[in-house]
Amino acid sequence: MHTPRPLVASRPAAPLAGTIQVPGDKSISHRALMFGALAVGETRISGLLEGEDVLRTAAAMRALGAEVLHDGPGAWRVAGRGVGGLVEPADVLDMGNSGTAARLLAGILASHPFFSVMTGDASLRSRPMRRVTDPLAACGARFHSRAGGRLPLAVQGAADALPLEYRVPVPSAQVKSALLLCGLNAPGFTRIEEIEATRDHSENMLRHFGAEVAVEADGAARIITLAGQPHLRAADVAVPGDPSSAAFPLVAALLVPGSRVRIESVGLNPLRCGLFATLLEMGADLAVENERLQGGEPVGDLIVSHSLLHAVDVPWDRAPSMIDEYPILAVAAAFATGTTRMRGLKELRVKESDRLTATAALLAANGVRVEIDGDDLIVHGGRPPAGGATVATHMDHRLAMSALVLGLATAAPVAVDDGAFIDTSFPGFVRFINGLTSAAALVAAA
Ligand code: S3P
């Protein structure tokens with residue numbers, strides 16, 4: 001039984017200040033556990049995100065026969081079973097709230113010759129899975145799901161999986177990654193074309209574990225070719241801070257007058273940096289220091305100070321590089337002068353909630369003038385948002401955190417009906433934000 005956790009955010013008594021590290025990157029954490037389970041030998045992971053989504057992946061990898069050990073905060077070891085070596089799980093795999101875990105796992109299950117069933121919470125059970133099961137079926141796997149391709153999903157994996165060749169019609173790193181994971185246990189070459197480049201953590205990590213992955217860029221499009229049945233070797237993974245989590249304290253510092261915050265060791269993969277580029281265009285006082293490579297991924301420290309922002313037009317082709325950041329960008333836009341238009345947000349409708357509708361509702365309830373025009377979100381700034389509403393978060397962690405950041409800067413406090421889902425990606429968020437101010441700004445609602 002889920003117990004809702006109502007929370008309320010008010011203006012802090014003092015500016016936000018301090019040096020912080022956000023939890024590990026969610027995308028990289030899922031992949032480190034999955035690739036570790038498919039490699040031969042022991043993979044050591046540091047900085048793993050211990051949010052509920054990733055813990056679901058850890059549990060699934062254990063259920064599939066990998067040894068997954070927790071040594072201490074962020075420190076994990078995975079003794080893998082080699083490509084194709086996972087075993088039939090004895091029970092249903094419950095992926096909780098995590099679309100990434102469910103979709104990537106579907107790819108792994110498709111090319112293992114056994115039966116399995118996957119389910120999730122009410123949010124995940126409402127999300128489309130056919131975007132992965134349709135192309136995966138071409139390898140020889142069989143899938144049975146509820147109407148509309150919704151979980152629970154039963155999978156009969158292919159005994160001798162065929163390599164896939166597929167053009168991904170939606171910009172989705174989850175779909176691309178599911179197909180690559182399936183292709184690991186198929187002979188020959190798996191070839192995937194994406195019409196817009198999406199986060200490439202799978203490609204980077206596959207190479208890190210010894211697979212042959214070729215990427216041809218053609219403008220915004222990419223063709224990714226994976227040589228099947230590689231001998232994946234265990235490799236250590238140091239997970240960088242999650243840029244999608246850093247977005248929340250970052251925007252909070254931009255909005256609360258007098259603030260200055262340093263966020264250390266944040267992942268700066270160019271395919272994840274759309275929010276930073278957009279905020280700089282909006283006039284944010286945001287600098288990157290100490291840029292370096294960590295386990296094949298660029299990282300750096302972000303230094304951010306309170307800023308007066310102005311509206312911008314965010315082009316549609318930037319969406320894949322900031323797909324999870326639109327709710328918090330919309331909050332920032334509410335404090336900017338002028339009208340911000342964020343284009344091409346169709347994919348937001350199939351996230352943990354319908355984030356396009358829910359983000360507009362979040363702002364409108366708190367006195368911001370906002371419109372949805374087709375797949376675009378339009379936020380009219382210029383008038384400081386009043387706040388004062390209780391926001392419905394629809395089992396969506398990023399909506400909850402966005403609403404709470406809004407409440408740090410509005411005249412009246414902003415409440416959320418349920419902050420419990422924040423633990424999926426940012427455990428300790430409330431303590432973390434409160435640690436940046438002298439008095440608690442986020443508290444349990446009565
Ligand atoms: C993710 C990809 C994105 C993103 C999600 C994590 C990943 O989803 O929204 O939070 O780790 O591959 P899509 O690729 O479906 O857009």
Side-chain angles (χ1 to χ4, degrees), residues 23-35 48-49 51-54 56-57 95-108 120 123-124 127-136 149 166 168-181 192 194-206 222 224 237 239-240 242-248 267 269 271-275 297 316-329 344-356 358-359 375 395-399 401-402 421-422 424-426:
D25 189 277
K26 183 151 71 69
S27 295
I28 296 176
S29 295
H30 284 299
R31 288 160 172 80
L33 291 167
M34 290 181 181
F35 290 127
L48 189 90
L49 167 64
E52 282 173 13
D53 278 13
V54 175
R56 297 287 180 169
T57 291
M95 307 323 290
N97 192 251
S98 179
T100 307
R103 298 212 178 97
L104 268 56
L105 190 61
I108 293 179
S123 157
L124 184 55
R127 297 179 67 184
M129 290 296 288
R130 287 189 54 183
R131 53 178 53 203
V132 288
T133 55
D134 281 356
L136 285 172
Y166 189 64
V168 187
V170 285
S172 170
Q174 293 179 356
V175 176
K176 169 177 68 177
S177 302
L179 304 182
L180 287 171
L181 281 159
I192 301 154
E194 53 180 0
I195 42 181
E196 285 174 66
T198 63
R199 64 188 72 190
D200 56 0
H201 304 304
S202 296
E203 295 90 310
N204 295 343
M205 208 181 285
L206 276 167
R222 297 276 185 280
I224 301 128
V237 180
V239 182
D242 196 326
S244 299
S245 295
F248 299 101
N269 181 311
L271 294 165
R272 297 287 298 281
C273 283
L275 176 74
E297 291 278 349
W316 64 270
D317 57 357
R318 198 177 288 170
S321 68
M322 54 179 298
I323 194 65
D324 292 334
E325 280 67 80
Y326 284 99
I328 192 64
L329 175 64
L345 307 190
K346 192 166 175 214
E347 278 295 300
L348 287 198
R349 295 195 188 273
V350 291
K351 293 298 173 187
E352 286 81 334
S353 66
D354 172 352
R355 272 191 193 150
L356 186 52
T359 300
D375 295 330
M395 307 178 80
D396 187 331
H397 54 131
R398 298 199 201 280
L399 282 180
M401 290 186 276
S402 300
F421 287 90
I422 292 173
T424 60
S425 69
F426 202 146

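Note that ligands are numbered from 1 as they come in the structure, with each ligand's atoms numbered from 1 the same way.
Residues meeting the side chain to side chain donor-acceptor pair (under 3.5 Å) test with Ser177, sequence neighbours left out: Arg31, Ser202. With sequence neighbours left out, Ala101 forms a side-chain contact (heavy atoms from CB on, under 4.5 Å) with His30, Thr57, Met95, Ser98. For Phe248, the ring pair (Phe, Tyr, Trp, His ring centres under 6.0 Å) criterion is met by no residue, not counting sequence neighbours.
Within the 4.5 Å cutoff, the side chain of Glu297 has heavy atoms near those of the Asn204 side chain.
Checking side-chain atoms of Lys176 against main-chain N and O of Arg199 turns up a donor-acceptor pair under 3.5 Å.
Sorted by chain then number, the residues whose non-hydrogen atoms approach ligand 1 to under 4.0 Å are Lys26, Ser27, Arg31, Thr100, Pro171, Ser172, Ala173, Gln174, Arg199, Ile323, Asp324, Lys351.
Counting heavy atoms of neighbouring residues, nucleotides and ligands inside a 6.0 Å radius, atom CZ of Arg130 does not exceed 12 of them.
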